[in-house]
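Written below as structure tokens is the structure these notes are about.
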Amino acid sequence: MRHFDYIIAGGGCSGRSLAVRMLPYLKATNKQVLIVDKVSKKDNDKTWCFWEKYPDIFDPVVYRKWDRLSFSSSIINQEFNIQPYQYKMIRAADFYAYTDEQLVGTNQITHIIGNIEDLYTKEKLAYVVIDGEIFSCDYAFSSIPQIQKKRPERYQYLLQHFLGWVIETEEPTFDPECATLMDFNTSQQEGSSFVYILPLDPRSALIEYTVFSERELSIECYAAALKKYITEQLHCKQYTIKAKEYGVIPMSDHPIERQNRNIIYIGTAGGCTKGSTGYTFRFIQKQTAAIVKELLKSGHPCISVVYPERFNTYDGIFLYLLNSGRLSGEKIFSTMFQKNSPNQILKFLDNETSILEEIKLFNTLHKKEFAISLLKRTLKLLKTG
Ligand SMILES: Cc1cc2nc3c(=O)[nH]c(=O)nc-3n(C[C@H](O)[C@H](O)[C@H](O)COP(=O)(O)OP(=O)(O)OC[C@H]3O[C@@H](n4cnc5c(N)ncnc54)[C@H](O)[C@@H]3O)c2cc1C
């Protein structure tokens with residue numbers, strides 16, 4: 001049986017982020033790492049967007065960045081300067097190529113393609129079964145999706161699902177300096193839905209139709225909504241679809257197991273997907289940086305909590321409001337953007353605000369609805385505990 005110091009199970013966003021961040025630690029030690037994924041990642045299967053104040057390690061592959069964002073709905077229509085934040089876009093294909101390049105230079109990393117069939121711990125080691133072969137390690141970091149038995153009587157479950165098109169228009173249509181974070185000028189019949197626009201230049205953009213609801217739609221439904229938005233809101237009749245992106249991101253307040261002895265869960269599997277927004281990339285960066293910091297400090301990758309637990313409660317309340325139909329996403333986000341500075345909102349959505357800042361922000365929202373939902377959600381948790 002082959003033994004490694006660490007096995008990174010899943011070489012997607014979090015697995016690769018962790019591996020690249022571990023490089024200085026590996027250089028200082030003789031540790032050996034195995035990265036396993038069932039596919040060799042080359043395709044541009046995702047576009048990651050996030051906001052941050054300072055450049056991080058993946059800045060060399062930031063494809064576009066914006067200092068301005070817009071938010072629109074039937075209630076408000078605003079454009080914001082978000083500095084000192086910048087909204088950044090990374091294409092998955094660039095990220096995979098860049099991380100391959102970073103990781104290839106060391107003989108301490110072995111990368112294999114294989115299907116992980118099992119992952120377990122016994123005594124002091126973790127074991128990973130890959131295509132029938134067992135590998136052992138001191139610690140395994142897994143981003144393989146965790147199967148959870150749903151408990152709808154206790155927790156909220158929604159999906160954020162979307163279809164995006166990169167389109168090229170005949171006429172200049174987009175302001176390349178300003179990305180559209182949310183435009184709720186869409187039919188709200190399928191759930192809370194909005195369009196998200198990442199302008200690449202005046203004649204091309206990635207436009208995504210996104211819905212928060214219990215179930216995905218048929219591809220035809222997303223396509224019809226995109227076509228309607230492009231013709232009616234952007235007043236654009238002639239365009240070519242250059243690329244497509246489809247995705248489903250779970251939105252839930254179901255607690256996630258972050259560590260099982262020497263198996264540490266990372267990425268979406270490790271609770272990095274924010275329940276209320278689906279944003280994950282920045283949380284992955286914070287989580288993997290915290291793991292490596294701990295490795296450098298103590299030699300053990302103990303999982304660090306990267307934000308206080310109360311933010312999960314806020315996400316739970318938001319999901320409860322949407323699930324119960326008490327408030328729509330359009331109303332909540334419109335009020336938030338109408339009455340708070342964009343920087344404060346981004347800081348809050350990053351789980352980085354202080355309690356005082358959160359009280360100020362909640363004071364501007366639908367207090368009665370939030371209080372009822374907090375109460376109902378708490379009762380639900382107590383009843384099913
Ligand atoms: C289309 C799309 C767009 C997104 N856009 C954004 C965004 O703009 N901003 C943001 O913050 N978040 C975004 N997300 C959410 C999140 O950032 C991504 O899902 C991110 O890839 C999660 O990283 P991860 O490492 O947890 O999972 P992944 O990147 O999916 O990595 C998991 C890896 O495990 C491998 N794997 C799974 N099962 C096995 C197995 N049995 N054996 C071997 N390997 C296996 C997979 O092949 C995969 O490579 C998006 C998600 C999607 C789907």
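The analysis underlying the following values was restricted to heavy atoms, covering all of them including side chains, and did not include hydrogens, waters or symmetry mates. For ligands, and for the atoms within them, numbers begin at 1 and follow the listed sequence.
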Check: Just heavy atoms, cut-off under 4.0 Å: does Ile116 contact ligand 1 by side chain, backbone, both, or neither?
Finding: both

Checklist line | Electrostatic pair Asp253-Arg377, nearest N-O below 4.0 angstrom | finding: yes

Check: Between Trp48 and ligand 1, is there a nitrogen or oxygen pair with a distance under 3.5 Å?
Finding: yes

Notebook entry, point to check: For ligand 1, which atoms, with element, lie under 4.0 Å from some heavy atom of Gly10?
Noted result: 33 (C), 34 (O)

Note to self: Check this for me - ligand 1, Asp45, N or O atoms closer than 3.5 angstrom, yes or no?
What the structure shows: no

Next item on the list: For atom 12 (N) of ligand 1, find the nearest protein heavy atom and state the residue, atom name and distance (0.1 Å precision).
Entry: Thr280 N, 3.5 Å

Notebook entry, point to check: Counting from 1, what ligand 1 atoms have a heavy atom of Asn115 closer than 4.0 Å?
Noted result: 40 (C), 41 (N), 42 (N)

Notebook entry, point to check: Relative to the heavy atoms of Ser143, which atoms of ligand 1 are at a distance of less than 4.0 Å?
Noted result: 25 (O), 32 (C)

Checklist line | Pair Glu101, Thr99: side-chain N/O donor-acceptor within cut-off below 3.5 Å | finding: no

Notebook entry, point to check: Just which atoms of ligand 1 are under 4.0 Å from any heavy atom in Gly114?
Noted result: 42 (N), 43 (C)

Checklist line | Parallel, tilted or perpendicular: rings of Phe337 and Phe333 (30°, 60°) | finding: tilted

Notebook entry, point to check: Can any side-chain N or O of Arg203 pair as donor or acceptor with the backbone N or O of Thr169 at less than 3.5 Å?
Noted result: yes

Next item on the list: Within a distance under 4.0 Å of any heavy atom of Gly267, pick out the atoms of ligand 1 and give their elements.
Entry: 26 (O)

Check: N/O to N/O below 3.5 Å, does that happen between Phe281 and ligand 1?
Finding: yes

Notebook entry, point to check: Closest non-hydrogen protein atom to atom 7 (C) of ligand 1, residue and atom name please, with distance?
Noted result: Cys49 N, 3.4 Å

Check: So which of Phe71, Tyr209, Phe212 actually passes ring-ring contact (aromatic ring centres under 6.0 Å, His included) with Phe194?
Finding: Phe212

Margin query: Suppose we measure from atom 5 (N) of ligand 1 to each protein heavy atom; which comes out shortest, and what is that distance?
Written below: Thr47 O, 3.1 Å

Check: Backbone N or O of Gln156 within a donor-acceptor pair of the Ser252 side chain at under 3.5 Å?
Finding: yes

Margin query: Return the closest protein heavy atom for atom 43 (C) of ligand 1 as residue, atom name and distance.
Written below: Lys38 N, 3.2 Å

Next item on the list: Counting heavy atoms only, name the option from Asp131, Thr288, Ile284, Ile249 that's nearest to atom 51 (C) of ligand 1.
Entry: Ile249

Checklist line | atom 3 (C) of ligand 1: the protein heavy-atom neighbour that sits closest, reported with distance to 0.1 Å | finding: Phe162 CZ, 3.6 Å

Notebook entry, point to check: Parallel, tilted or perpendicular for Phe281 and Phe58, by the 30°/60° rule?
Noted result: perpendicular

Check: Is there a donor-acceptor contact under 3.5 Å linking the side chains of Tyr96 and Asp45?
Finding: yes

Margin query: Which residue and atom name correspond to the protein heavy atom nearest atom 45 (C) of ligand 1, and how close is it?
Written below: Ile144 CD1, 3.4 Å

Check: Do Thr47 and Glu245 have a side chain donor and acceptor closer than 3.5 Å?
Finding: yes

Note to self: Suppose I only count heavy atoms of Gly12 and a 4.0 Å limit; which atoms of ligand 1 are within that range?
What the structure shows: 29 (O), 31 (O), 33 (C), 49 (O)

Notebook entry, point to check: Is it true that a side-chain atom of Tyr157 and a backbone atom of Arg151 form a donor plus acceptor pair closer than 3.5 Å?
Noted result: yes

Margin query: If we count only non-hydrogen protein atoms and require a distance under 4.0 Å, does atom 9 (N) of ligand 1 qualify as touching the protein?
Written below: yes

Next item on the list: Return yes or no for this condition: an N or O of Cys13 is under 3.5 Å from an N or O of ligand 1.
Entry: yes

Check: For atom 33 (C) of ligand 1, what is the nearest protein heavy atom, given as residue, atom name and distance?
Finding: Asp37 OD2, 3.4 Å

Check: Under 6.0 Å from the six-membered ring centre of Tyr63 and within 45° of its axis: does the NZ or CZ of Arg91 meet both?
Finding: yes

Notebook entry, point to check: Which atoms of ligand 1 have any heavy atom of Tyr246 under 4.0 Å away?
Noted result: 1 (C)

Margin query: Below 4.0 Å, non-hydrogen atoms only: which portion of Arg282 touches ligand 1? Side chain, backbone, both or neither.
Written below: neither

Item checked: Residue and atom name of the nearest protein heavy atom (relative to atom 22 (C) of ligand 1), distance in Å to one decimal -> Thr268 OG1, 3.7 Å

Next item on the list: Run the numbers on Phe162 and Tyr196 for ring pair (Phe, Tyr, Trp, His ring centres under 6.0 Å), then give the verdict.
Entry: CA-CA 10 Å; Phe162 48 90; Tyr196 169 68; 8.3 Å; no

Note to self: For Asp183 and Ser72, which I'm curious about, is there any donor-acceptor pair between the side chains at under 3.5 Å?
What the structure shows: no

Next item on the list: For the pair Glu352 and Lys286, evaluate salt bridge (charged side-chain N to carboxylate O under 4.0 Å, His left out) and give the outcome as yes or no after the intermediate values.
Entry: CA-CA 12 Å; Glu352 285 180 355; Lys286 289 189 220 176; 2.9 Å; yes

